[in-house]
Colleague: 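Let me give you the structure first, and then I'll get to my questions.
These numbers come from a predicted model, not from an experiment. Side chains included, hydrogens not; waters and symmetry mates left out as well; all remaining heavy atoms used.
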Amino acid sequence: MRAAVVVFPGSNREGDVARALKLATGRPPDMVWHAERDLPAGVDLVVLPGGFSYGDYLRCGAIAARAHAMDAVRAHAARGGYVLGICNGFQILCEGGLLPGVLMRNRDLRFVSKMQRIRVERADTAFTRAYAKGQAIEVAIAHGEGNYEVDDETMARLEGEGRVAFRYCDAAGAVTEAANPNGSTAGIAGIYSERLNVLGLMPHPENLVDPLVGGTDGRGLFDSLARAA
Amino acid sequence: MTVREPAIDDALVAAHGLTGEEYARLVALIGRVPSFTELGVVSAMWNEHCSYKSSRIHLRGLPTSAPWVIQGPGENAGVIDIGDGDACVFKMESHNHPSFIEPYQGATTGVGGILRDVFTMGARPVACLNFLRFGAIDHPKTRRLVAGVVAGIGGYGNSFGVPTVGGSVGFHPRYDGNILVNAMAVGVARADSIWYSKATGVGNPIVYLGSKTGRDGIHGATMASASFEADAEEKRPTVQVGDPFAEKLLLEACLELMATGAVVAIQDMGAAGLTSSAVEMGAKGDLGIELDLDAVPCREEGMSAYEMMLSESQERMLMVLKPEKRAEAEAVFRKWELDFAVIGRTTDTKRFVVKRHGEVKADLPIRELGDQAPLYDRPWTPPAPPARIDDAAVAPPMPHDRALLALLASPDLCSKRWVYEQYDALILGNTVQGPGGDSAVVRLGDGPKALALTVDCTPRYCEADPVEGGKQAVAEAWRNLCAVGATPLALTDNLNFGNPQKPEAMGQFVGCLQGLGEAARALDFPVVSGNVSLYNETMGAGILPTPAIGGVGLLKDAGKSMGIALKRAGDRLMLLGGDPGWLGQSLYLREICGREEGAPPPVDLAAERRAGEFVRSLIADGAVAAVHDLSDGGLAIAAAEMALAGGLGATLDGPATAQFLFGEDQGRYLVAVASGEAAGLLARAAGAGVPARDVGAVGGSSVTLGPGCVPSALSALRAAHEDALPRHMAAAGPEA
């Protein structure tokens, strides 16, 4: 598995995800500056990390979606390469047309940072094979705009095609309104592209890869990817 | 457009906050009437904030050195040696007044300013903390201020990308008209690559880096600017607007630039902007500075020299660069798309010369701007210490279980989850302990070392007895570091006080500093940076004296840090440090009995030290399963907090008296130990000269405060503790 992390000027969790990738794959990922037009040769996985790509004072990810590096990311995805967008990365994937829908401000209009359970909706993708279907894993969340909204028709397609990756849930795995931290439609925390090679999610599995710092429930995602290629 | 500058007269001088004497001092210094720009520059350098003119002589008494101190007060931030060639750089600073006027932006720029202080020295910020005080929780302004300040702190830190790992939030009517927003930033650098503001070399380029300069935050100039503008200029807000994205770029660019070796000196533009940063660099290097303001990147057209020198636009830096490295430096700035301009040079004249449109607007002796700043030994009166109350005579107005419930839901003790869940505490992946414990614990890189961080002060103690209160603030910070197993190393202080021209307020300041100094000396806990915020007064009413202490400690092994959560049923709870039962100034007395009175608990610094060192040795040996310091609310609250954190109940079997349960005696800890090791721990404590007592057991799902007390279900305590602040924040009612 060879991974690359795209770094925008306002990215701030690129180091966190690089650390998780190194732990899972045994080697540090290539860091790719947003102004680059090409990805390093032989890259299997491209990660768009968390942060505030260009300050994101208006629409999160809208400017980043038009960065040079994103053309290369789109081409990579079109070839069937793996793409993982976390938090701001998810916002950028939606703004860049790689995933449907949009991330709106959280239901109560406040930034929310805490530990959160999410349910693994399927465990047969390149991102989730190390988990069990229905497993309620613990991850961190830290976002002000993570309220996933999508039109009814697309929603029906996402559900029908099994493209919902994770839903916010309680410790028992139940998807409830009380367990939903931001008001996302159907408790959605992450979704896949049609071919299941692109995943966008709001939570931060990369912050749960270390028993000393929160726990290790996030490792499964990176371990799955490490084995996928 | 030719700008007509106002004539210098008494009214203009007064509008700049200079007294007649101070103005005469200026005229004598330069031998002529100053220009308008010079008046602005000098007023900025000689105000309380920049010159410390009322506080300087008292600050001299603080201990500032230790073998591990690399840089004490006087630079952008303090620096300490944390071993292995690493250094920790930290400071705390207030943004009280701006946050009261515009809570969101006031708080953001407070965080931005302190982060800049830290990375200006070459350190990458690894954590932020904050110390907040608001008015009464039901005051009509409080809700809006809390919401705005908290959102602002989060808005800046979350975007900049530094975890906000801890803090202190309290409420008291004395802050109704003057809240406190103190932000602390902590960074890490290599000890051999710390950057300072001292300029060296003649003819070196002075470079401006960062955001453009606008008319925001021009100090004291609202009135003055109206008098020289042709058209009636709209009033500009005096609060600046923060841009965390620009700051993030500035951080990366500065650190990248420092790595190239191009930087000779660096200073951020904080209070008094370009004036203060340029003068500081020149004065420290005993050099002159010449600035050509035509080269300054501006956001607005037609800015005068006066406005540019006093602008407090955010996210700006000033550097002296090695001339031969200029191209390399410019490439770094370009990569980060930041404004970059050579706006002057160092000279050998020891003069501070400012030019605009080819005209000299200011020509001042640079060292004297600092050295000759006014210095006041203001009259002060020591407050009469209140008499100790008769503790034994305090009659409990309600059963202890109800008092516990009420205290856990009281504004100062209720869960601050509503606040800290708006802060990203986890970014960077090193937060071993976040908000909610005695100290935050932040691992350094891949470990094993970690920093322990805390902010503390008990203003009601300081109000009652400034000397004991000052001691207690330091002792509590030191204790909180010990409670997680860290060796306390140094502190930063944020001294928030009232009007120094009132002898009573000045007496509080002097008293608190005396106590602070005594404690810092006794505990080998030197002051390496700090900030003084005076004139915290509204309508003649001053705030509670509030010397907030930010403490930094070191853990050799992040994996050995100790938490407050109870872990095993059957463990014994041991009280270390004695149980005299001091109720004066306690939260029990205030919240439950409705009496805010008496002398605060005294601090025995020798006992404090013994207890802290003993606790650290227990943690290092793995002899305890949980540790919590005793502070607000005493033993009962400590036990309840430990139970709530662990989801495991506790039963106390000591005397069920208010004194024993709720007394706030200092220098104490509650620890959980395996039952088989309880006797050994008592013997070990006796050997260390630390009073110890077995006070109860861990287990069950409720907290019982003593024989005959009604058990309180953890679920009920948790609900009361967690729901209080969200309920206040959601309450309907008039807003101001």
Colleague: Need one label for B:Ile427: side chain, backbone, both or neither, based on atoms under 4.5 Å from any heavy atom in chain A.
Modeller: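 For B:Ile427, heavy atoms of backbone and side chain both lie under 4.5 Å from chain A.
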Colleague: If I measure from the heavy atoms of chain A, does B:Ala151 come under 4.5 Å with its side chain, its backbone, both, or neither?
Modeller: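 No part of it gets close to chain A.
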Colleague: Count the heavy atoms belonging to other residues, nucleotides or ligands that lie under 6.0 Å from CE of A:Met115, then report whether that count exceeds 12.
Modeller: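 Result for CE/A:Met115: enclosed.
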Colleague: Please say whether more than 12 non-hydrogen atoms of neighbouring residues, nucleotides or ligands are located less than 6.0 Å from CD in A:Glu149.
Modeller: yes
Colleague: Could you give the distance from CZ (A:Phe111) to OG (B:Ser159), rounded to the nearest 0.5 Å?
Modeller: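 Answer for the CZ-OG pair, A:Phe111 versus B:Ser159, is 9.0 Å.
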Colleague: Can you give me the closest heavy-atom contact between B:Phe245 and A:Ser53, atom names plus distance?
Modeller: CE1-O, 3.5 Å
Colleague: Are A:Trp33 and B:Lys335 side-chain neighbours, meaning at least one heavy-atom pair lies under 4.5 Å?
Modeller: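 In contact.
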Colleague: Which atom pair, heavy atoms only, marks the closest approach of B:Ala425 to A:Ser113?
Modeller: N-OG, 3.6 Å
Colleague: Could B:Asp424 and A:Arg13 be called an ion pair, given the rule that one side-chain N must be under 4.0 Å from one carboxylate O?
Modeller: yes
Colleague: Report the distance from atom CD1 of A:Ile141 to atom CD of B:Glu421, rounding to the nearest 0.5 Å.
Modeller: 8.0 Å
Colleague: Could you pull out the closest heavy-atom pair between A:Asn12 and B:Gly161, with the gap in Å?
Modeller: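 Taking A:Asn12 first and B:Gly161 second, the nearest heavy atoms are ND2-CA, 3.5 Å.
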Colleague: Going through the checks in order, is the side chain to side chain contact (heavy atoms under 4.5 Å, CB included) test met by B:Val150 and A:Arg110?
Modeller: CA-CA 10 Å; B:Val150 170; A:Arg110 292 196 298 270; over 6 Å; no
Colleague: Rounded to the nearest 0.5 Å, how far does CD of B:Gln422 lie from CG of A:Asn106?
Modeller: 10.0 Å
Colleague: Is atom NZ of A:Lys22 surrounded by more than 12 heavy atoms (other residues, nucleotides or ligands) closer than 6.0 Å?
Modeller: no
Colleague: Could you pull out the closest heavy-atom pair between B:Gly429 and A:Asp16, with the gap in Å?
Modeller: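 Closest pair (atom of B:Gly429, atom of A:Asp16, distance): N-OD2, 3.5 Å.
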Colleague: If I measure from the heavy atoms of chain B, does A:Tyr54 come under 4.5 Å with its side chain, its backbone, both, or neither?
Modeller: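 Both backbone and side chain.
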Colleague: Side chain from CB out, backbone as N, CA, C, O: work out which of these in B:Arg443 comes under 4.5 Å of a heavy atom of chain A, or both, or neither.
Modeller: side chain
Colleague: For A:Val112, is there any backbone N or O sitting under 3.5 Å from a side-chain donor or acceptor partner on B:Asn158?
Modeller: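 Not a single qualifying donor-acceptor pair exists.
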Colleague: Any chance CZ of B:Arg299 has more than 12 other-residue heavy atoms, nucleotides or ligands included, within less than 6.0 Å?
Modeller: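 Correct, the count exceeds 12.
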Colleague: Taking all heavy atoms of B:Leu426 and all of A:Asn207, pick out the closest pair and write down the distance.
Modeller: O-ND2, 3.6 Å
Colleague: Only pairs of heavy atoms separated by less than 4.5 Å count here; which of B:Leu249, B:Leu428, B:Thr431 has the most with chain A?
Modeller: B:Leu428
